[in-house]
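No hydrogens, no waters, no symmetry mates; every other heavy atom, side chains included, goes into these values. Labels below follow one simple rule: chain letters A, B, ... track the order of the sequence lines, proteins then strands, and each chain is numbered from 1.
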2 protein chains.
Amino acid sequence: MTISATNMRYWWVNHKQTARQEISGGYLWAPLCEANGVRSQFYDNMRQAAPGDIVLSFANGIISQVGVVLDYASPAKKPEPFGTVGENWSDAGWILPVRWTPMAKPVRPKDMIATIGPLLPQKYSPIHPVSGNGNQKAYLAEIDKSVFDIIALSSGNEFALESLVRVADATNEVIDRVDDAAQAAIENSSSLEATIKRQLILARRGQGLFRSRAMKLGRTCRLTHLGNPSLLTASHIKPWRICDANERLDGANGLVLAPHVDRLFDRGYISFENDGRVLVSKRLAEIDLIHLGLLDACRSPGEIFDRSQIKYLGFHRDRVFLG
Amino acid sequence: MTISATNMRYWWVNHKQTARQEISGGYLWAPLCEANGVRSQFYDNMRQAAPGDIVLSFANGIISQVGVVLDYASPAKKPEPFGTVGENWSDAGWILPVRWTPMAKPVRPKDMIATIGPLLPQKYSPIHPVSGNGNQKAYLAEIDKSVFDIIALSSGNEFALESLVRVADATNEVIDRVDDAAQAAIENSSSLEATIKRQLILARRGQGLFRSRAMKLGRTCRLTHLGNPSLLTASHIKPWRICDANERLDGANGLVLAPHVDRLFDRGYISFENDGRVLVSKRLAEIDLIHLGLLDACRSPGEIFDRSQIKYLGFHRDRVFLG
């Protein structure tokens, strides 16, 4: 995930009705697919955006914010602050953490469409290359650096390496806030018993009943063979924040891992085949695996998973693993 | 930390006024030293107790609970639920997580003092070996297995391997609750600004301003040389829960570490000399370091620390490192 200007990509988002929520929340959110169940390149692009990428925020005909992607997209339910907006969207989607900065001078792309029109992508353009009107189907669209440069120039902002470097220090507060909101929903639930509430909240940190149950399926880390319980983490295969109550406490949704292996798994840098083989994301530099002393472990055949874990592993490969 | 019956130790606690809070909270708490500043073996024993050890709970002349130590003691302020009880105790102390189980039949040691008196320790006994009255100075006292066996027999409880094995799955909820209480204190503070509150809370998870500041003192893990920011953890050297506001946000109190190194450091299994050499606790099995691939890294000279970090490192060696 080394941030380098060379492989940095540029994006343009058409927020539609949720600009306010997404800007103030520091993220983008899109459903998995369109209301009719069809996949969309504009939504699939959520998974393409990488830390250090730049996003132009377009709403009501104006670009007024520029963002830096802080992290890869994670599976997340539709954010609470959306309220009734986007009621036709599925609840399952992606959240992409972005640090937004207001532009010194907002830019109306329509005013410069003669210049930028020819530079916009032929397919999946965010606005019409001649009229400059927003593309109704568009959400997150990739744009050429030249389009960004023209808009940045008109906006009077200087987006230099400085903001990119700061990304390296930035933190995934967005995901913590999503988790906090899910926890608050549990705490405020009138249908859940107090003891269940407590266990659901403990499970967020891989503790309590969830941990005891996960431990029954394996007491050592499958990559490092570490067996000291005080050093092992019980990780959710399908992330806690998008689980229902049963999945949050299901031991089969748990994987007992050493802390560094847990981090790789949680962030989608590694995943597993059902037969136990390790999948390593192309987003992870080999040097990181070497530093962590996990290169050999990632190449060994591994142990087959329990049948009960298969559905959760499938979710992890599809939605968490960065590929 | 492998739990084995062979090196298991037996303890007896004289709760005094805080039995209710300690039993319901699932812990023992003792100040660092007596009110006059003198150290006490009974308080120092807090650091001797290890996961899997057994504790008899003695209050008002009766033993009515038996506990299993869940984790090593951690530095912790006097628990909130103590209220005005123990006002003469210093605020700095140790918390020891214990899972308590009520005895089937409470036991009055005085009734069997002729039997157990001769088996009690000559020095640092919890009760007088002849009168059976509680020793006013005593808090946590070590007892011989024979004393425990006699009391367990009278109590009608069966304390078998089962409860010990469950310790391995148990989780450190006590420390999470201490952290939660400290966070609630921040949230409810009327003297702190909202932006500071937010940063203090983010710092609990090694995020926000604290992380950016810690990153300025080092961008790679000093043991593994890992440099991928999305895999690094910014750890407090002096634990967040006992820091004041400045210490919670001080970058010099931060150490950027790979997740598994962070876990070892946080749990006191390793610490550092000021010159960078790694200290490894005798409580950590070498096999764990081998599994984590850290054996060589722990033996290399390491890099000297910044002057600003020395006072925090001193705290870590004294109070967090298990020695």
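Neither the backbone nor the side chain of Thr220(B) comes within less than 4.5 Å of any heavy atom of chain A. Contacts of Leu232(A) with chain B are made by backbone atoms alone, with heavy-atom separations under 4.5 Å and no side-chain atom involved. Of the two parts of Arg205(A), only the side chain, counted from C-beta on, holds a non-hydrogen atom closer than 4.5 Å to a non-hydrogen atom of chain B.
You'll find the side chain of Gln207(B) reaches within 4.5 Å of the side chain of Asp176(A), heavy atoms only.
A 6.0 Å sphere centred on CD of Glu303(A) holds no more than 12 heavy atoms belonging to other residues, nucleotides or ligands. The number of heavy-atom neighbours closer than 6.0 Å to CG of Asn188(B), taken from other residues, nucleotides and ligands shown, is above 12. Atom CD of Glu80(B) sits in a sparse spot, with 12 or fewer heavy atoms from other residues, nucleotides or ligands closer than 6.0 Å.
The closest donor-acceptor contact from the side chain of Arg263(A) to the backbone of Pro259(B) lies at 3.5 Å or more, if one exists at all.
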Stepwise salt bridge (Lys or Arg N to Asp or Glu O under 4.0 Å) test for Glu173(B) and Arg211(A): CA-CA 12 Å; Glu173(B) 298 167 29; Arg211(A) 182 179 161 103; over 6 Å; no
Could you give me the CA-CA distance, side-chain angles and deciding distance for Ser230(B) and Tyr72(A), then say whether side-chain hydrogen bond (donor to acceptor under 3.5 Å, both in side chains) is met? CA-CA 10 Å; Ser230(B) 76; Tyr72(A) 296 104; over 6 Å; no
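Each of Ile287(A), Leu289(A), Asp288(A), Ile290(A) was scored for a side chain to side chain contact (heavy atoms under 4.5 Å, CB included) with Leu226(B), with one residue passing: Asp288(A).
How far CG of Asn228(A) is from CZ of Arg267(B): 9.0 Å, rounded to the nearest 0.5 Å.
Residues Thr224(A) and His291(B) share a closest heavy-atom pair of O-CD2, 3.2 Å.
Most heavy-atom pairs under 4.5 Å with chain A: of the set Thr233(B), Asp262(B), Val261(B), Leu294(B), this distinction falls to Thr233(B).
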